[in-house]
Amino acid sequence: MTSEDIKEVIIAIIKDIDEEADFDGLDADKPLRDQLELDSMDFLDIVMELRKRYKLQIPEQDYPQLATLNSCVAYLQPLLQDA
Amino acid sequence: MPVPFSQLGDNYDIVVVGSGLGGLTCANRLARCGHRILLLEHHHRLGGLATWFKRKGHIFDVSLHGFPYGMVKTCKKYWNKAITASIVQLKNIVFDNPQFSLRTTFDREDFTRLLNTRFEVPLATIDRFFATVAAMNFYDDQAMTTRELFEQFFPGRSDVHRLLMEPITYANGSTLDDPAITYGIVFSNFMSKGVFTFEGGTDRLIALMTEELERNGVTICTGAKVEKILVDKKRVRGVNANGRTISARAVVSNSGITNTIDNLTDREIYSAEFLERAAKVRVNNSSCQVYFGISDGESIDDIGDLLFTSKAEQFDAAELLSPQSTSKTFSIYYPKTRPGQNRYTIVASMNSRFEDWAGLEEEQYRREKDKLITRTLADLEGYLPGVGSKIDWMEAATPRTFNSYTLHTRGTSFGTKFEGLDISRTIFKEVAGLFHVGSVGIIMSGWLGAINYGVIVANDVDGYLRA
């Protein structure tokens, strides 16, 4: 997967979680939590969806790696290179 | 509709033992992930402590007293739109005690106003306090107690301490001596938008949840008591229920954590280190309740939705737990609770200790229950003069009642103290495929806490099954 693909996947998953989420002006280097008003339960939903779609097991200690769109890409790209 | 026990299959992906809100939500989340789930409940009704009972045309809600706004988002994500749409605000929260009497919407804006104008606390202090509790996380340092937190911001102000503490003590059983985070997280949840309830009552909520579970393919069986969770070579194999073996790759116990370790499993399956930690888990206190039904056709004045009342001079956790306590909440259910059913009911709740009721002989137990009803009615008459003549049903529940319906250790109505969370979250590291969901660690209790914890555990279970 390219970094653009991964960004699209993350955004699609967040859209499923919160249909009212507003992605206009989203800064890929700033925390998703603050910009989209996500809480820790939302991140759990993202983790479960990634596991369902790609059989990815993300350990709890790695959850902070999903903080921004760019950190998601950096963390997920090596794991999803064959996806 | 629940499936008769005789028609159950011999094997499922996951067996969920117990149907409190945590168990129901965990089952629903896992069913949506595509797993085959069997939900077993010993009682004839689902919901655990989220329950109700009917007497003489009245419906009494046992634990529907008010939950935070967070339920809206949680129900939208993990249940459905019909459930979410029935969440409505309770706008009249009343405090009445020797230190102050006031009415509030119980949110940050109104509390700021009250603290500033009634209690004369500077705005800067109030803002700093709110910012401090809002920033608390469950994994933060536990060294500071709630008492120390209050003394830091409102030194010597027992009236302010009472305003801030009393509702949370009823919400999760915590006291001034518990870690400040167990207070701050729950308090912040309520302060975001106030107190909410479920229109249609607990019976409607559980009916809607049951429909959703069935739509998602969960097999539900009531009247099925799990006697043992089966473990072989440190791995879960299934359960024994009503004398029959049902195999499963994972078992989620929604029984109490102490009950799960002490009664549902054999102790030798755990490491000595784990058992040592588990032995330190303190279960929380239990409750007494008195239920009043107003005769059909009669009505009562609007005196507020939820009343925190006490005759004690100051907030005192020991007074609050004593059998003679004058501190109680009144939840008033007007016809708006169940539109179409023109009834009024009142539920008084008190925090109490199992030990104070467990040893009573039957005759003495009955007398003490009658005295509790008489005292509670006298207090209620203070708010609704003459209400006694309109009541056609009165009944009391004690920690013994809670114990018999939920099987919780010592009838606890708020799960365990903080240390229970760690045990609950690490049990699957002891026995592969064994999980626990339920009220642990105070912050994972109450309706919202239990539902969210159900999702957290569902993630652990799904991760295990897909590994």
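First the proteins, then the strands, lettered A, B, ... as listed; each starts at 1.
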To the nearest 0.5 Å, how far apart are CD1 in B:Ile456 and CD in A:Glu60?
8.0 Å

For residues B:Val455 and A:Asp45, report the shortest heavy-atom separation together with the two atoms involved.
CG1-OD1, 4.3 Å

What residues of residues 6-35 of chain A sit under 4.5 Å from chain B when you count only heavy atoms?
A:Ile17, A:Glu20

Within a radius of less than 6.0 Å around CZ of A:Arg53, do more than 12 heavy atoms belonging to other residues, nucleotides or ligands occur?
yes

Which bit of A:Glu49 comes within less than 4.5 Å of chain B, counting heavy atoms only: side chain, backbone, both or neither?
neither

Separation of B:Asn459 CG from A:Ile58 CD1 (nearest 0.5 Å):
9.5 Å

Ion pair present between A:Glu37 and B:Lys73, side-chain N to carboxylate O less than 4.0 angstrom?
no

Exceeds 12 heavy-atom contacts within 6.0 angstrom, atom CD of B:Glu109
no

Do the non-hydrogen side-chain atoms of A:Lys52 and B:Asp462 ever get within less than 4.5 Å of each other?
no

For B:Cys33 against A:Met48, the heavy-atom pair lying closest together
SG-CE, 3.7 Å

Answer yes or no: does atom OH of B:Tyr69 have more than 12 heavy-atom neighbours from other residues, nucleotides or ligands under 6.0 Å?
no

Salt bridge check, A:Asp42 against B:Lys77: does any charged N sit closer than 4.0 Å to a carboxylate O?
yes

How many angstroms lie between CG in A:Asp39 and OG1 in B:Thr74, if you round to the nearest 0.5 Å?
7.5 Å

Report yes if the side chains of A:Lys55 and B:Arg466 come closer than 4.5 Å at any heavy-atom pair, otherwise no.
no

